[in-house]
There are 2 protein chains.
Amino acid sequence: MRYDKGHKDTTRRHILEVASRQFREGGIAAVGMAGLMSRAGLTNGAFYTHFASKEALVRDALVDALEESVGKIEAAIESGAGLEGFIRDYLSPRHRDNPGRGCVAAALAAEVSRHPAATRGAFTDKFEEVVALIATHIPVGGSEAKRRKALGIYGLLIGTVQLARVVSDKRLSDELLTNGLHAALQLMGA
Amino acid sequence: MRYDKGHKDTTRRHILEVASRQFREGGIAAVGMAGLMSRAGLTNGAFYTHFASKEALVRDALVDALEESVGKIEAAIESGAGLEGFIRDYLSPRHRDNPGRGCVAAALAAEVSRHPAATRGAFTDKFEEVVALIATHIPVGGSEAKRRKALGIYGLLIGTVQLARVVSDKRLSDELLTNGLHAALQLMGA
DNA sequence: TGTACATCAGTGAACGCGCGTTCACTGATGTAC
DNA sequence: TGTACATCAGTGAACGCGCGTTCACTGATGTAC
């Protein structure tokens, strides 16, 4: 069969979305090409007509997932919930319990730090964008102070969600989220 | 050959130390049994006279590495550097650049969250100990306030170090550490 | 209009490789009689 | 004292399996003449 114009792009985007989610859920190393392609409704061989290698897919999936973060922050601002609303969502049980649709930095930062420079570079560029966007919406302070606060808050957010995900005690996990929220708001304001 | 009394225990501890370091450096999934045992100066088959499975080793290595954290905090207190001294070390370039000897939560929290409940349970128990120890040395506040601060600070520490490790821009990485330090001290005091 | 060829997304078997785990075996020493 | 057997940490080859990647092929459609 021949395919519609734009069909290949659609397929590529579909693979990317499936991969991005699977990576965040199970970790990059745990996702195999055959399983990934089968989940995307294709066979393994087709992968290489879309991406040069697994590492190239990782690179694109990371950037894609960070763009998702940008979208979430923008949506929170537009909805009137503001940066605080974004932070509340970030430190919610729903985010903790759904890593596949959640923040890619919380799910994969440590693993990505062991990936090649090209991958980390692509991640870094988008990460800078996210930080700049957060800084814009910090309520008080000069532009440098805002950036500093944004970096601190981001670190707190990803670390707290990771701890909330790893501990097996639900009470402790909830406690981590609640305290993280207080700490984040404190960092945002002061 | 026969072996000295205590020889098996020494070997077990040696495997554990090598594994603990390799896990933190490369991630748990990336460490293979043959390579690990060869680094420990043994052959692959000997592993199973010491541990029931790779997962059992992971469990013990995580607990071991968290006990290392307890030791570091106690050392900082005893040296007079206090909790602030521990935090300064934690957010130092040296810690960022040596994950193998560093905080296991920063290196492996996200990966461990995908491991079996037994592994996460063992991690959680030791994690509680570390949090309690940090809380003890927060300078101001009631015991509940201290615990809350300890949880917030821990999240900030591990998240910040992970971000500092993943970004490929050295300036940004240093900036993350510096701002993380200010934020942590702010959370500790307020 | 009909025919020959080019295009290209996708198929599915196969490649070499390293994984976690098993197991028959080694060989030095301790114990029983 | 001498001999037969038990103990046990460690060896190293082998197990089945899934990994990332390659490649000859398919088959529907577009293009050239």
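Reckoned from all heavy atoms, side chains included, excluding hydrogens, waters and symmetry mates. Proteins come first, then strands; the chains are lettered A, B, ... in the order of their sequence lines, and each starts at number 1.
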> Applying side-chain contact (heavy atoms from CB on, under 4.5 Å) to A:Y154 and B:L176, what does each step give before you reach the verdict?
CA-CA 10 Å; A:Y154 208 95; B:L176 278 157; over 6 Å; no

> For B:E55, enumerate each residue passing the salt bridge (Lys or Arg N to Asp or Glu O under 4.0 Å) test, keeping only those at least two apart in sequence or located in another chain.
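Result, salt bridge (Lys or Arg N to Asp or Glu O under 4.0 Å) vs B:E55: none returned.
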
> Might you list the N or O atoms of the protein lying below 3.5 Å from N or O atoms in nucleotides 13-18 of chain C, with each pair's distance?
{"from": "C:dA13", "atom 1": "N6", "to": "A:N44", "atom 2": "ND2", "distance (Å)": "3.4"}

> Could you state the atom-to-atom distance from CE of B:M33 to P of D:dG12 in whole Å?
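Roughly 17 Å, once rounded to whole Å.
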
> Take B:R165 and A:R114, measure what side-chain contact (heavy atoms from CB on, under 4.5 Å) needs, and give me the verdict at the end.
CA-CA 9 Å; B:R165 281 177 182 158; A:R114 299 165 194 128; over 6 Å; no

> Looking at A:F23 and A:I28, what are the two nearest heavy atoms and their distance?
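Looking at all heavy atoms of both residues, the shortest contact is CD2-CA, 3.7 Å.
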
> Between A:R88 and A:E84, is there a salt bridge with N-O shorter than 4.0 Å?
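Counted as a salt bridge, because a side-chain N and a carboxylate O are separated by less than 4.0 Å.
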
> Should we say atom NE2 of B:H115 is surrounded by more than 12 heavy atoms from elsewhere, each under 6.0 Å from it?
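Buried by this count: over 12 neighbours within 6.0 Å.
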
> Is it true that A:D174 and A:R96 have a side-chain N and a carboxylate O under 4.0 angstrom from each other?
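Looking at A:R96 together with A:D174, the answer is yes, because their closest N to O distance falls below 4.0 Å.
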
> Nearest whole angstrom, please: distance from the P of C:dC19 to the CG of B:L36.
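Rounding to the nearest Å, CG of B:L36 and P of C:dC19 are 11 Å apart.
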
> Looking only at heavy atoms, which two atoms of A:L187 and A:K149 are closest? And how far apart?
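Nearest pair, atom of A:L187 first, then A:K149: O-CD, 3.5 Å.
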
> Using a cut-off of strictly less than 4.0 Å between a heavy atom of the residue and any atom of DNA chain C, enumerate the qualifying residues of residues 47-60 of chain A by number.
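Hits under 4.0 Å, by residue number: A:T49, A:H50.
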
> When B:L156 is tested against each of A:I158, A:L156, A:L157 for side-chain contact (heavy atoms from CB on, under 4.5 Å), which residue passes?
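Considering A:I158, A:L156, A:L157, a side-chain contact (heavy atoms from CB on, under 4.5 Å) with B:L156 is found only for A:L156.
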
> Once pairs are restricted to Watson-Crick or G-U wobble with both distances under 3.5 Å, how does DNA chain D read as a dot-bracket string, [ ] for crossings and | for other-strand pairs?
.||||||||||||||||||||||||||||||||

> Can you name the nearest heavy-atom pair linking B:M188 to B:P139, along with the distance?
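Result for this residue pair: CG-CD, 3.8 Å.
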
> Roughly, in whole Å, what's the span from CG in B:L42 to P in D:dG10?
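In whole Å, D:dG10 P and B:L42 CG are 6 Å from each other.
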
> Where the side chain of B:T43 is defined as all heavy atoms beyond and including C-beta, which of D:dG20, C:dA9, D:dT11 is the nearest nucleotide?
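Looking only at heavy atoms from C-beta outward on B:T43, the closest nucleotide is D:dT11.
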
> Among the clusters formed by ILVMFWY side chains lying less than 4.5 Å apart, do B:V63 and B:V18 turn up in the same one?
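Different clusters.
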
> Contacts to DNA chain C from residues 16-30 of chain B, heavy-atom cutoff under 4.0 Å, which residues?
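Residues of residues 16-30 of chain B that come under 4.0 Å of DNA chain C do not exist, since none gets that close.
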
> Does B:T11 place a side-chain N or O at less than 4.0 Å from the phosphate oxygens OP1/OP2 of D:dA9?
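False: B:T11 side-chain N/O out of range (4.0 Å or more) of D:dA9 OP1/OP2.
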
> Closer than 4.0 angstrom, basic N to acidic O: yes or no for A:E17 and A:R21?
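Salt bridge between A:E17 and A:R21, a charged N being under 4.0 Å from a carboxylate O: no.
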
> Looking only at heavy atoms, which two atoms of A:V167 and B:R120 are closest? And how far apart?
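So the two residues come closest at O-NH2, 3.4 Å.
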
> Got a sec? Which of residues 108-123 of chain A come in under 4.0 Å of DNA chain D, heavy atoms?
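Contacting residues: none.
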
> Which whole-number value in Å describes the distance from A:K8 NZ to D:dA28 P?
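In whole Å, D:dA28 P and A:K8 NZ are 20 Å from each other.
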
> Any donor and acceptor pair, going by atom type alone, linking the side chain of B:H95 with main-chain N or O of B:C103 inside 3.5 Å?
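Yes, the answer is positive, given that a donor and an acceptor are paired below the 3.5 Å cut-off.
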
> Which heavy-atom pair separates A:S53 from A:Y48 by the least distance, and what is that distance?
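Closest pair (atom of A:S53, atom of A:Y48, distance): CA-CE2, 4.0 Å.
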
> Does the pair B:E144/B:R147 count as a salt bridge with the N-to-O cut at 4.0 Å?
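Answer for the salt bridge query: no.
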
